[in-house]
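Okay, so here's the structure we're looking at.
The first residue of the sequence shown is numbered 1, and numbering continues consecutively from there. Just follow the structure's listing: the first ligand is 1, and inside any ligand the first atom is 1.
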Amino acid sequence: MIRDISEIFIPRTASIQDALELLNKTGQEMLLVVDSSQRLQRTVTDGDIRRLLLANGDMSSTLEGLPDLKPLYVSQDDDSEAAKRIMVTNKVKHVPVIDDQQRPIGLISAQDLLDPILLSPPHIGQEEISFVHDAFDTNWIAPVGPNLDLFEKEFALATNAQNCVALSSGTAAIHLGLKVLGVRPGDLVFCSTLTFAASAFPILYESAEPVFIDSEPETWNICPEALENAFQKYQAQNRLPKALILVSLYGTPPKIEEIQSLCDKYGVPILEDAAEALGSKYNDQSMGTFGTVGAFSFNGNKIITTSSGGMLVSDDENLIKRARYLSTQARSAEIFYHHEDIGYNYRMSNVLAGIGIGQIRLLEQRVEQKRQIFAKYQSSLSENGLIEHASEAPWSLSNRWLSAFCLKKEVGFSGIEIVRKLQERGIEARPIWNPMHQQPVFSDADYVTAGGTSVADKLFGSGLCLPSGSQLNETQQDRVISNLLNIIS
Ligand SMILES: *Cc1c(COP(=O)(O)O)cnc(C)c1O
């Protein structure tokens with residue numbers, strides 16, 4: 001791994017001995033011959049040196065004996081296809097990236113392009129398939145059955161949720177959460193602005209009206225002062241919201257005590273969107289169990305997955321009973337088909353619940369892996385003081401579902417620019433969620449801050465999520481880190 005591309009710079013006047021030592025020391029397969037202004041002249045490989053030695057036969061002879069070659073490179077604005085073409089046409093494994101003065105600023109390797117590092121791919125264990133087989137063997141393919149019961153039971157144990165119902169997605173869980181809290185057309189619903197759109201879409205499903213609340217810079221979640229402003233504003237209009245959708249962004253718990261006491265003061269229930277926060281805790285209590293209802297997601301990229309799925313939890317048994325009823329087409333107990341409410345086909349299938357059983361048993365391990373990945377990024381990237389991240393209070397624990405960081409202004413790149421540059425190097429990073437108050441689909445919605453500039457917009461501008469899959473190995477993570485440092489240094 002090279003930290004800094006200049007580690008493999010070598011002047012033309014260096015000896016073969018120097019070049020071999022540098023190749024050995026850096027463990028790279030290539031050096032870059034640069035002139036006194038650090039402009040790229042040509043590349044040198046092991047093979048080039050072997051040929052030079054055979055021709056001159058002397059370790060002290062200099063690289064000046066190398067023929068002038070038009071160097072192969074891509075410019076910083078080229079995409080990864082350009083690098084691929086050069087590699088294929090010239091049969092080389094590395095291509096330098098140069099700036100507009102022809103100075104090398106990076107190195108793309110074939111391995112980077114052939115073996116992309118993904119953001120957060122599913123990580124399936126050993127047991128899942130056996131529960132899926134059970135479902136097939138016993139013909140319990142219908143959306144009810146023993147896997148579902150067991151998954152709900154194990155999920156409740158893992159989170160200490162009192163009651164839960166497994167659903168087809170996290171979005172379905174949020175939607176039914178709003179329904180059981182009695183949200184009706186025209187009602188107000190407050191919601192974190194810095195989140196994925198699925199937190200807020202269900203508000204529109206019910207023709208209710210979202211009001212988005214800004215983040216605070218510590219946890220990146222709802223800012224208590226902004227929330228208080230919103231409560232005061234709408235109380236003055238005699239229009240308090242029916243619910244607050246509270247997100248734990250990237251798994252980091254919000255300032256739950258301040259937020260809860262404000263919601264108690266104004267008598268507004270919390271719907272926790274814990275889609276990203278399974279396994280996260282506050283005062284040793286699972287996120288998702290603080291709200292009147294809590295929603296989780298088991299989508300493919302989440303910390304555990306059923307390929308697609310969700311869970312709604314509550315201390316109130318009646319709310320979960322009602323959600324279960326609505327999730328299965330609102331059929332009443334009569335033997336004939338009788339419907340008093342609009343129903344939904346939102347129940348999780350028994351087959352997918354089998355995957356969930358295997359996955360929930362791995363939760364603690366996954367949290368540990370994600371936290372280790374985060375810790376390594378944090379220690380490797382914080383050296384230069386250019387990077388910030390959401391912090392967990394000492395009494396809380398973030399599952400660090402995605403390792404998210406913000407770049408300080410001095411870096412000179414936006415989060416999106418860095419995401420693009422990493423993409424060129426075969427690394428899948430993502431920007432921070434684009435705040436809801438910026439989305440055209442929510443353009444009618446109000447947005448409330450603590451008074452100053454929008455924190456969520458600032459986080460979006462400078463933030464990015466780095467590859468955080470629980471199988472990410474050390475070598476891959478080193479590749480992400482060295483590429484990122486390369487880009488920003
Ligand atoms: C993933 C996610 C959802 C939606 O969950 P699905 O299972 O994909 O429907 C909702 N909210 C947040 C914050 C999420 O990250």
Problem - Polar proximity ligand 1 side, Glu276 side, N/O cut 3.5 Å exclusive - result: yes

Exercise for the section: Starting from atom 9 (O) of ligand 1, find the nearest protein heavy-atom neighbour and note its residue, name and distance. Expected result: Thr171 OG1, 2.4 Å

Handout entry: Contact check: Lys302 vs ligand 1, nitrogen or oxygen atoms, below 3.5 angstrom
Key = yes

Exercise for the section: Quick one: sort the Trp401 and Tyr250 rings into parallel, tilted or perpendicular, breaks at 30° and 60°. Expected result: parallel

Handout entry: Numbered atoms and elements of ligand 1 in range of Thr195, under 4.0 angstrom, heavy atoms
Key = 13 (C)

Problem - Enclosure of Gln471 CD (heavy-atom neighbours >12, cutoff 6.0 Å) - result: yes

Exercise for the section: Determine whether more than 12 heavy atoms belonging to other residues, nucleotides or ligands lie under 6.0 Å from atom OH of Tyr205. Expected result: yes

Handout entry: Asp273 N/O under 3.5 Å from ligand 1 N/O
Key = yes

Practice task
Would you mind listing which atoms of ligand 1 come within a distance below 4.0 Å of any non-hydrogen atom of Gly309?
Solution key: 7 (O)

Exercise for the section: Compute the minimum heavy-atom distance from Gly310 to ligand 1 and say whether it is under 4.0 Å. Expected result: no

Fill in the blank from the handout: For Ala275, the ligand 1 atoms with a heavy-atom partner under 4.0 Å come out as 2 (C), 3 (C), 10 (C), 11 (N), 12 (C), 14 (C)

Handout entry: Crowding at CD1, Ile342 (>12 non-hydrogen neighbours, <6.0 Å)
Key = no

Problem - Ligand-residue contact atoms, ligand 1 with Ser169, heavy atoms, under 4.0 Å - result: 7 (O), 9 (O)

Completion exercise
ligand 1 to Asn299, heavy atom cutoff 4.0 Å, flagged ligand atoms 7 (O), 8 (O)

Practice task
Assess whether side-chain contact (heavy atoms from CB on, under 4.5 Å) is satisfied between Leu319 and Asn163, documenting all intermediate values.
Solution key: CA-CA 9 Å; Leu319 295 185; Asn163 308 276; over 6 Å; no

Exercise for the section: Evaluate ring-ring contact (aromatic ring centres under 6.0 Å, His included) for Phe151 paired with Phe298, printing each intermediate quantity in order. Expected result: CA-CA 12 Å; Phe151 180 40; Phe298 315 119; 5.3 Å; yes

Problem - Contact check, side chains of Glu276 and Thr252, non-hydrogen atoms, under 4.5 Å - result: no

Handout entry: Short N or O distance, Gly170 and ligand 1, threshold 3.5 Å exclusive
Key = yes

Handout entry: Glu228/Lys255 salt bridge by N-O under 4.0 Å criterion
Key = no

Problem - Atom indices of ligand 1, in the order listed, that fall short of 4.0 Å to a heavy atom of Ala198 - result: 3 (C), 4 (C), 10 (C)

